[in-house]
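Before any comments, here is the structure.
Values reported hereafter were calculated over all heavy atoms of this structure, with side chains retained and with hydrogens, waters and symmetry mates removed. Quick note on labels: first sequence line is chain A, next is B, and so on, each numbered from 1.
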Protein chains: 2
Amino acid sequence: MTTMATVARVAGVSVATVSHVLNDTRPVRSATRQAVLEAVDELGYTHNTLARSLVTASTRTIAVAISTVNNPYLTDLLQGIEAEAVASGYTLLFGDPHDDPDHELDVVRTLHQRRVDGVIVAPSARPTELVRYLDRHRVPAVFVDRLVGEGYDQVTAESAEPVARLVDHLAEHGHRRIGMVSGLPGLSTTAERVAGYRQGLWRNRLVDEDLIATGYSEPDGAYGAVSRLLSDETITALVTGNNFMTIGAMRALRDTGRSIPEDIALVSYDDFAWADLFSPRLTAVAQPSRELGVRAVRLLLSRLADPEQQPRTVRLPTTLMHRESCGCRT
Amino acid sequence: MTTMATVARVAGVSVATVSHVLNDTRPVRSATRQAVLEAVDELGYTHNTLARSLVTASTRTIAVAISTVNNPYLTDLLQGIEAEAVASGYTLLFGDPHDDPDHELDVVRTLHQRRVDGVIVAPSARPTELVRYLDRHRVPAVFVDRLVGEGYDQVTAESAEPVARLVDHLAEHGHRRIGMVSGLPGLSTTAERVAGYRQGLWRNRLVDEDLIATGYSEPDGAYGAVSRLLSDETITALVTGNNFMTIGAMRALRDTGRSIPEDIALVSYDDFAWADLFSPRLTAVAQPSRELGVRAVRLLLSRLADPEQQPRTVRLPTTLMHRESCGCRT
DNA sequence: CTGTTAGCGCCTTCAC
DNA sequence: GTGAAGGCGCTAACAG
C-alpha cells in the first residue's frame with residue numbers, strides 16, 4: 001500500500017505539502033501541486049481515511065441501525081438516509097438489530113467503536129439499554145420511526161390521527177363493528193395507532209369492546225389475529241397497523257373464503273409500492289418513508305454542528321391512498 | 001473521549017497490559033485483569049477501532065455496493081450479506097451506486113479509502129472503470145448478481161435454463177407466440193435471460209422473430225415494452241426478465257383491459273414475497289436471494305484468507321413457483 | 001507475567 | 001510557499 005511518504009518522495013516534496021494539496025488546505029505553488037498530483041496518479045495513491053480520522057477525530061461516517069430491511073417501508077427510509085448522507089459527504093455503516101434489544105445494543109456498540117460521527121436508529125420495543133449506552137457515551141443519535149421520549153432527537157410519521165381518519169371513513173360506509181390488528185406491544189407506533197383507532201371509534205360513537213388483536217407487527221402474527229377477530233361474526237371491517245400485518249390479514253381473509261371488501265372491508269396503515277396490483281387495490285395510509293430518512297440525516301447533521309441545541313421531534317404528515325379495499329369504487 | 005492510557009493509569013498498569021486484556025492476546029494475572037476491567041467499566045471506555053485498524057492494517061469491515069435497495073430481491077441479498085458478515089465478525093459499509101458507472105466508481109473509491117478489507121458489488125451495465133480500479137488497487141472483491149467475466153470471484157443465480165423452462169411451460173399450454181420483456185442492455189443477467197428465452201423458443205420449434213422488447217429492468221420501461229409488444233395481436237403469452245418489469249407488465253395488461261391468464265399468460269423471472277396476493281397469483285422463477293448474499297460473503301472471506309486462490313464463479317439454482325398466471329389452475 | 005518503545009499514516013503547529 | 005516534528009490511540013516486538 002503506497003503512503004503519503006512515498007508520494008512525497010516521488011514528487012520531491014515533503015509529506016506536509018502532499019497533505020495540503022490533497023486537502024486543498026493551504027496555498028501551494030501550481031508547479032508543486034502538479035508534481036504531487038502526478039505522483040499520486042502514477043502510484044495510484046489512495047488516501048488512508050483511517051489515519052486521517054485518527055488525527056481529525058471525525059470519520060464522516062454515520063451509523064444506521066435498522067431492522068428487517070426487507071420491509072419496503074424501512075427500505076425506502078434507508079434510501080432516503082443514504083441519499084442525504086452521501087449528498088453531505090457522509091458514508092454509511094450499517095447494522096441490523098433484528099428488532100432485538102440485545103442485538104440492538106451489540107450493533108450500536110460495534111458501530112460506535114468504529115467511531116462513527118453519529119447514529120440513526122429505529123429502536124426496538126425495549127430500548128432502555130440502548131438509550132442508556134447512547135447517553136453515557138454521548139453518542140449523537142436520532143431515532144427514526146419509533147420514539148423513545150422527549151429529550152431526544154427523533155423523526156416519525158403521524159400515526160394516531162391518520163388511523164382515526166381510517167375509522168371515520170369506515171364509519172361513513174356504515175360499518176359499526178370495526179376490528180383492529182395492532183402491532184408489537186412496546187413500540188411507540190403501536191401505541192399511537194391503537195390510540196388513533198380508539199379515538200376514531202369514540203368520535204363516531206361506536207362501541208369500543210375488545211375488537212383489537214395483536215398481530216405482532218408481522219404477517220403470521222396478523223394472520224392469527226385476524227382469525228381470532230373473525231370468530232366474532234359481527235365484525236365487518238378491519239384496520240391493520242402496518243404493511244406486513246396487512247399481508248397477513250389479506251391472506252387470512254382469502255384463506256377463510258372472505259372477499260374484500262364485500263364480506264370484510266380492509267384499510268391499512270402503510271402503503272405498498274405495488275398495492276395497486278393487489279386484489280382488491282388497497283386503501284391505505286402512506287408514510288413519507290424516504291423523506292423520513294432524509295430528515296433524520298438532517299437532524300443528525302444539525303446536532304453534530306451544534307451539540308447544544310434543543311432536542312427536536314419531527315413529525316411528518318401521511319397521505320391517504322384511497323383505493324377500493326374500503327368498499328369505495330374508484 | 002477516554003483512551004487506553006487513561007484506563008492504564010486508573011488501573012495502575014501499562015497500556016500494553018490494557019491492550020492485552022482487552023484483546024485476550026497474552027496471559028494476564030487475574031487480579032490485574034480485574035483491575036483493568038474495572039477501570040474500563042468505571043470510565044466507560046470503548047475501544048477505538050480506528051487506531052487499532054491503523055496498526056493491524058485490517059478493519060474487519062466489508063463494503064457493500066448494491067443499487068436500488070428498494071428492490072426486494074436486492075434487499076434479501078443484503079440481508080444475507082449482513083447476516084453472514086456479522087456472524088464472521090465483520091461490519092458493513094454501505095453505498096448505493098445507483099446503477100450508474102460513475103457513481104459506482106465513486107462509491108467504491110470512497111469505501112476503499114475507508115480501508116475496507118474487501119468489497120461486494122453488484123456491477124452496473126458498464127463496469128469497466130470499476131473493474132480497472134479494483135484490479136489496480138488489488139481490492140479483494142466479489143461480484144454479485146451480474147457477472148463481469150472469468151478471472152473474478154462472482155456469485156449469481158442460474159438464468160438461462162430457468163427462463164427456457166418457463167418457455168417450455170408456456171409451449172406446453174399451446175402458446176406459439178411468446179413475447180419477452182428483457183432487462184437493461186449490458187447486464188449479464190439480461191443477456192443470459194434472453195439467451196434462455198431464445199433457447200426455449202428454439203427447442204420448442206417456435207418462430208423467433210422480434211418478439212423481444214426491452215423493459216430496461218424497471219416498471220415503467222416494462223410498461224412501455226408491453227404496450228409495444230401487444231400491438232402484435234398474435235402474442236398470447238409473455239415472459240418478463242425481472243421482478244420490477246413484472247410489475248410494469250401487469251400494470252400495462254390491466255390498463256389495456258387484458259386479463260391474465262385468459263387474454264395473456266404471464267410468467268416471470270423473479271418471485272415476490274407477496275406474489276400470492278396479486279391477481280392472479282404469479283407463476284415465477286425464484287432466486288435464492290438471501291443465499292446469494294451468504295455465499296458472496298463466504299467467497300470473499302475465503303479469498304481474504306488466501307489471496308492466491310483461483311477465482312471462482314458460484315451459480316445457485318432457482319426454484320419454479322408454479323401458480324396461476326401461466327394459465328394453470330392450482 | 002508486565003512494561004517500554006517504536007511505529008501504523010496522516011494532519012497541523014511552528015519554524016523558515 | 002514549504003519543511004520538520006509531534007502526536008492521534010493503539011498493537012507488537014523486545015526486554016526484563
Side-chain angles (χ1 to χ4, degrees), chain A residues 1-40 43-61 89 91 109-110 112-117 137, chain B residues 1-40 43-61 89 91 109-110 112-117 137:
Chain A
M1 194 92 276
T2 119
T3 82
M4 257 180 151
T6 320
V7 175
R9 187 151 26 78
V10 171
V13 299
S14 73
V15 289
T17 300
V18 175
S19 172
H20 283 122
V21 349
L22 257 30
N23 296 313
D24 196 28
T25 179
R26 93 178 169 192
V28 172
R29 185 154 36 101
S30 92
T32 319
R33 166 188 308 280
Q34 210 52 43
V36 170
L37 261 18
E38 275 165 20
V40 165
L43 297 166
Y45 169 79
T46 32
H47 222 121
N48 186 330
T49 308
L50 248 45
R52 168 200 295 199
S53 291
L54 187 56
V55 23
T56 60
S58 149
T59 54
R60 289 196 82 75
T61 297
T91 304
R109 191 186 285 126
T110 303
H112 177 225
Q113 283 178 182
R114 266 145 170 104
R115 290 302 183 265
V116 294
D117 292 349
H137 296 283
Chain B
M1 195 91 275
T2 118
T3 84
M4 257 180 152
T6 321
V7 175
R9 186 151 25 77
V10 171
V13 298
S14 72
V15 288
T17 299
V18 175
S19 172
H20 284 123
V21 350
L22 257 31
N23 296 313
D24 197 27
T25 177
R26 91 178 170 190
V28 173
R29 184 152 39 100
S30 92
T32 319
R33 166 189 308 280
Q34 212 50 45
V36 170
L37 261 19
E38 274 166 20
V40 165
L43 298 166
Y45 169 78
T46 33
H47 221 123
N48 186 331
T49 308
L50 249 45
R52 171 205 298 218
S53 293
L54 188 57
V55 27
T56 60
S58 148
T59 54
R60 290 196 81 76
T61 297
T91 304
R109 190 186 284 126
T110 304
H112 176 224
Q113 282 177 183
R114 256 125 173 125
R115 290 301 182 266
V116 293
D117 292 349
H137 296 285

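- The side chain of B:Ala51 sits closest to D:dG9 out of C:dT4, D:dG9, C:dG9.
- At whole-Å resolution of the value, CG in B:Leu50 and C1' in D:dT11 are 14 Å apart.
- For B:Arg60 and D:dC10, the CZ to P distance is 19 Å, given to the nearest whole Å.
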Mind listing the side-chain donor-acceptor pairs of residues 13-23 of chain A below 3.5 Å, one per line with the distance, residues two or more places apart or on another chain?
unit_1, atom_1, unit_2, atom_2, d
A:Ser14, OG, A:Ala16, N, 3.4
A:Ser14, OG, A:Thr17, N, 3.3
A:Ser14, OG, A:Thr17, OG1, 3.4
A:Ser19, OG, A:Asn23, ND2, 3.4
A:His20, ND1, A:Ala16, O, 3.0
A:His20, ND1, A:Arg26, NE, 3.2
A:Asn23, OD1, A:Arg52, NH2, 2.9
A:Asn23, ND2, A:Ser19, O, 3.1

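- For B:Arg9 and D:dG9, the CZ to C1' distance is 14 Å, given to the nearest whole Å.
- In terms of phosphate contacts, A:Thr3 brings no side-chain nitrogen or oxygen within less than 4.0 Å of OP1 or OP2 of C:dG9.
- A 4.5 Å side-chain heavy-atom check between A:Asn48 and A:Thr3 finds every atom pair outside the cut-off.
- Phosphate proximity of D:dA12 to B:Thr56: absent, as no side-chain N or O sits under 4.0 Å from OP1 or OP2.
- Rounding to whole angstrom units, CG of residue B:Leu54 and P of D:dC8 are separated by 14 Å.
- The side chain of B:Thr17 places an N or O atom within less than 4.0 Å of a non-bridging phosphate oxygen (OP1 or OP2) of C:dG3.
- One finds a side-chain N or O of A:His47 lying less than 4.0 angstrom from the OP1 or OP2 phosphate oxygen of C:dC11.
- If you measure from atom NE2 of B:His20 to atom P of C:dG3, you get 12 Å, rounded to the nearest angstrom.
- To the nearest 0.5 Å, atom OH of residue B:Tyr45 and atom CE of residue B:Met1 are 9.5 Å apart.
- In this structure the side chain of B:Arg33 never reaches within 4.5 angstrom of the side chain of B:Val36, judged on heavy atoms.
- In summary, the side chains of A:Arg114 and B:Thr61 do present a donor paired with an acceptor at a separation below 3.5 Å, with no hydrogens or angles considered.
- Residues from residues 21-31 of chain A with heavy atoms under 4.0 angstrom of DNA chain D, sorted by number: A:Arg26, A:Pro27, A:Val28, A:Arg29.
- Using a 4.5 Å cut-off on side-chain heavy atoms (C-beta onward), B:Thr49 and A:Arg115 make no contact.
- Take the nearest nucleotide of DNA chain C for B:Val55 and for B:Thr32: the residue whose nucleotide is more 5' is B:Thr32.
- Spacing between atom CG of B:Asn48 and atom C1' of D:dG9 amounts to 6 Å, rounded to whole angstrom units.
- Contact check, A:Ser19 against C:dC10: no side-chain N or O comes under 4.0 Å of OP1 or OP2.
- Between the side chain of A:Asp117 and the backbone N or O of A:Ser58, no donor-acceptor pair lies under 3.5 Å.
- Each of D:dC10, C:dC11, D:dC8 was ranked by its minimum atom distance to the side chain of A:Met4; first place goes to C:dC11.
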